Amino acid sequence: MAKVAVIGGGFVGLSSAYWLLRDGHQVTLFDAAGVGHRSGGASFGNAGTFATYACIPVNNPSVFRDLPRYLLAADSPFRVRWRHLPELTPWLLRFLLHSTQQRSTATATALSHLLGRAYSGYADLITQAGLEPLVQRQACLYLYSGDAAFQASQATLALRQQLGVQTQVLSAGEVAALEPGLAPLFARGVLFPDSWFLSDPGAFVTQLAQWLVGRGMALHTEAVTRISPLPEGVVLEAQRQTAAFDHVVLAAGAHARQLAAQCGDAVPLGAERGYHLLFEGSRALISRPVGWAERGFYMTPMARGVRVAGTVELAGLGREQHPGLLDLLRYASKRALPGLGEPSEPWLGFRPTLPDGLPVLGQASGSRRVVYAFGHQHIGLTLGGVSGAIVADLVAGRSPALDLSPYSPRRF
Ligand SMILES: Cc1cc2nc3c(=O)[nH]c(=O)nc-3n(C[C@H](O)[C@H](O)[C@H](O)COP(=O)(O)OP(=O)(O)OC[C@H]3O[C@@H](n4cnc5c(N)ncnc54)[C@H](O)[C@@H]3O)c2cc1C
């Protein structure tokens with residue numbers, strides 16, 4: 001049994017804690033904001049989809065076609081805050097380099113290897129921690145308001161199918177029959193039968209943390225400020241304590257970059273900022289997560305109402321919200337679902353994204369005792385469980401069931 005510290009209490013850190021406890025380790029988890037707090041990680045406010053179909057990275061060849069329009073259009077769901085351009089440029093250039101057909105297919109293939117194991121990463125955790133009531137077994141629906149956008153998506157649809165994703169293409173009439181609350185705007189839809197969603201992602205991580213504490217995990221609400229790998233262990237400095245561990249797992253989402261640098265890896269981790277709004281009391285309007293492809297957001301019927309979540313903003317890790325993107329979410333979601341009232345509780349979160357769209361899963365260059373698990377971009381809820389299983393393998397010295405070289409911290 002080893003003493004293991006986990007930094008970060010989102011889907012990835014908590015799943016790591018679960019798998020580590022299962023191996024009999026003594027686990028201590030640090031979270032800067034408090035697990036499940038709305039000002040903490042992306043795990044609180046995401047769209048809630050268990051999206052095993054989401055193997056197509058944002059950086060795919062369509063970026064070259066769509067980027068000029070995205071950057072210029074007033075109703076674009078993708079924004080760059082120009083004053084941040086100098087600090088964003090290196091990341092953006094690498095992101096574009098990874099948008100070629102060849103590289104994007106390699107990313108999709110590597111993501112599909114993780115996504116194919118996503119469910120087994122969570123199945124026991126959900127049952128044992130009693131989280132099944134938060135799991136809604138309804139397939140996600142992706143919609144296209146224009147036929148041109150649907151036609152343009154055919155190459156990525158074919159790639160998904162080739163990589164084993166189950167899909168069902170729907171006509172406008174079939175979309176309306178499935179979700180009668182939607183306005184008659186949608187020309188085509190794609191249903192992903194193997195997907196499902198969470199009715200409250202924040203409650204999922206909060207309840208999981210409580211259950212893990214009941215099983216012996218120590219939980220500290222404080223930020224880790226320094227990781228010092230030593231030959232015989234790893235010393236962590238946190239806000240209120242300094243402590244030594246046999247292993248450390250870095251699962252701090254979009255905030256992992258500086259801590260990874262202390263362990264010998266200059267990882268080009270960026271943040272894709274995303275927003276959500278809550279339309280309280282309106283959950284009966286739809287029965288499943290509904291994504292609007294051209295507008296870049298999902299509407300998910302959660303416990304307290306429809307959560308509208310999405311958009312991508314590149315502007316670093318500041319907490320200032322962009323009213324234009326929130327207006328866009330409000331306007332577009334009300335067009336799609338005319339029964340929605342007025343939204344509340346605007347939320348901003350940071351998707352942790354590497355320029356090639358793949359997470360970092362592996363041991364630090366400065367010490368095999370430090371294991372990285374961050375950079376899960378738009379699908380960290382989905383990939384939390386499998387990432388945790390991989391973390392536990394690395395800590396135990398077992399060979400993971402898949403080749404980890406695509407996710408290496410040294411790939412850049
Ligand atoms: C709008 C939006 C919609 C999304 N929709 C989906 C979806 O439908 N499906 C899906 O699979 N994914 C979705 N995602 C992505 C998903 O939410 C993230 O990929 C995922 O939450 C990342 O999990 P994580 O555990 O790596 O990081 P986080 O959830 O960000 O957690 C990191 C934790 O680390 C803590 N931390 C940071 N620094 C420190 C430190 N120094 N010391 C201690 N603790 C620290 C933070 O407090 C935080 O709690 C969405 C994201 C956004 C923004």
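Ligands are counted one by one from 1 in listed order, and the atoms in each one are counted from 1 as well. Remember, predicted model here, so these are calculated numbers, not experimental data.
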Worksheet entry | ligand 1 contact on H276 by region, counting heavy-atom pairs under 4.0 Å | neither

Worksheet item: What part of I7 sits under 4.0 Å from ligand 1 if we count only heavy atoms: the side chain, the backbone, both or neither?
Response: side chain

Worksheet item: Taking N or O atoms only and a 3.5 Å limit, does W347 qualify as a polar contact for ligand 1?
Response: no

Worksheet item: Heavy atom under 4.0 Å from ligand 1: found in Y275's side chain, backbone, both, or neither?
Response: backbone

Worksheet, complete the sentence: Nearest non-hydrogen contact to atom 6 (C) of ligand 1 from the set N46, L29, I379 belongs to N46

Worksheet item: Side chain, backbone, both or neither: which part of L259 comes within less than 4.0 Å of ligand 1 when only heavy atoms are counted?
Response: side chain

Worksheet entry | Contact check, A254 vs ligand 1, heavy-atom distance below 4.0 Å | no

Worksheet item: In terms of residue, atom name and distance, what is the protein heavy atom nearest to atom 25 (O) of ligand 1?
Response: V12 N, 3.1 Å

Worksheet entry | Identity and separation of the nearest protein heavy atom to atom 11 (O) of ligand 1 | T382 OG1, 2.7 Å

Discussion item. Any salt bridge linking R411 with D356? Criterion: basic side-chain nitrogen under 4.0 Å from a carboxylate oxygen.
Written reply: yes

Practice prompt. Ignoring hydrogens and angles, state whether a donor on the side chain of E179 or S287 is under 3.5 Å from an acceptor on the partner side chain.
Written response: yes

Response to the item:
If we number the atoms of ligand 1 from 1 as shown, the ones under 4.0 Å from a heavy atom of G10 are 25 (O), 29 (O), 31 (O)

Discussion item. Tell me whether H255 has any N or O atom under 3.5 angstrom from an N or O of ligand 1.
Written reply: no

Worksheet entry | Winner among P352, G384, S39, S43 once heavy atoms are compared against atom 21 (O) of ligand 1 | S43

Worksheet item: So which heavy atom on I379 is nearest to which on A54, and how close?
Response: CG2-CB, 3.5 Å

Worksheet item: Nearest protein heavy atom to atom 20 (C) of ligand 1, by residue and atom, and its distance?
Response: G380 CA, 3.7 Å

Worksheet entry | Identity of the nearest option to atom 15 (C) of ligand 1, non-hydrogen atoms only, from Q377, R257, H220, H376 | Q377

Fill in: ring-ring contact (aromatic ring centres under 6.0 Å, His included) involving F192 - partner list, sequence neighbours excluded
Y53

Worksheet item: At what distance is the nearest protein heavy atom to atom 43 (C) of ligand 1, and which residue and atom is it?
Response: A32 N, 3.4 Å

Fill in: Nearest-contact summary for atom 52 (C) of ligand 1 - protein heavy atom, Å
R351 NE, 3.6 Å

Discussion item. Below a 4.0 angstrom heavy-atom separation, can you tell me which part of R273, side chain or backbone, both or neither, approaches ligand 1?
Written reply: neither

Item to complete: Assess whether atom CD of Q258 is packed by more than 12 heavy atoms of other residues, nucleotides or ligands within 6.0 Å.
Response: no

Worksheet item: Are any side-chain N or O atoms of H25 and backbone N or O atoms of V27, one a donor and one an acceptor, separated by less than 3.5 Å?
Response: no

Worksheet item: So F11 and F204, ring-ring contact (aromatic ring centres under 6.0 Å, His included) or not? Walk me through it.
Response: CA-CA 9 Å; F11 282 98; F204 187 97; 5.6 Å; yes

Fill in: Within-cut-off N or O pair, A42 and ligand 1, under 3.5 Å
yes

Worksheet item: So between D31, L381, L250, whose heavy atom ends up nearest atom 46 (C) of ligand 1?
Response: D31

Practice prompt. For D31, check salt bridge (charged side-chain N to carboxylate O under 4.0 Å, His left out) against everything at least two apart and list the hits.
Written response: none

Worksheet item: Of all the non-hydrogen atoms in the protein, which one sits nearest to atom 41 (N) of ligand 1, and at what distance?
Response: V224 O, 3.0 Å

Practice prompt. Decide, yes or no, whether a salt bridge links R188 with E174 under the criterion of side-chain N to carboxylate O below 4.0 Å.
Written response: no

Worksheet item: Should we count CZ of R38 as having more than 12 external heavy atoms under 6.0 Å?
Response: yes

Item to complete: Specify the protein heavy atom at minimum distance from atom 27 (O) of ligand 1: its residue, its atom name, and the distance to 0.1 Å.
Response: G253 CA, 3.5 Å

Worksheet entry | S112 to L163 - nearest heavy-atom pair and separation | OG-CD2, 3.8 Å

Fill in: Enumerated ligand 1 atoms positioned under 4.0 Å from heavy atoms of A33
47 (O)

Discussion item. Using the rule given for side-chain hydrogen bond (donor to acceptor under 3.5 Å, both in side chains), can you reason through S145 versus E294, listing the C-alpha separation, both sets of side-chain angles and the distance that settles it, and then say yes or no?
Written reply: CA-CA 7 Å; S145 47; E294 290 98 327; 3.2 Å; yes

Worksheet item: How are the rings of F95 and W91 set to each other: parallel, tilted or perpendicular (split at 30° and 60°)?
Response: parallel

Worksheet item: Which residue owns the protein heavy atom closest to atom 5 (N) of ligand 1, what's the atom, and how far is it?
Response: A47 N, 3.0 Å

Discussion item. side-chain contact (heavy atoms from CB on, under 4.5 Å), that's the test. Do Y119 and W196 meet it? Break it down for me.
Written reply: CA-CA 10 Å; Y119 188 62; W196 40 266; 3.8 Å; yes

Response to the item:
Counting from 1 in the order shown, the ligand 1 atoms closer than 4.0 Å to a non-hydrogen atom of G310 are 1 (C)

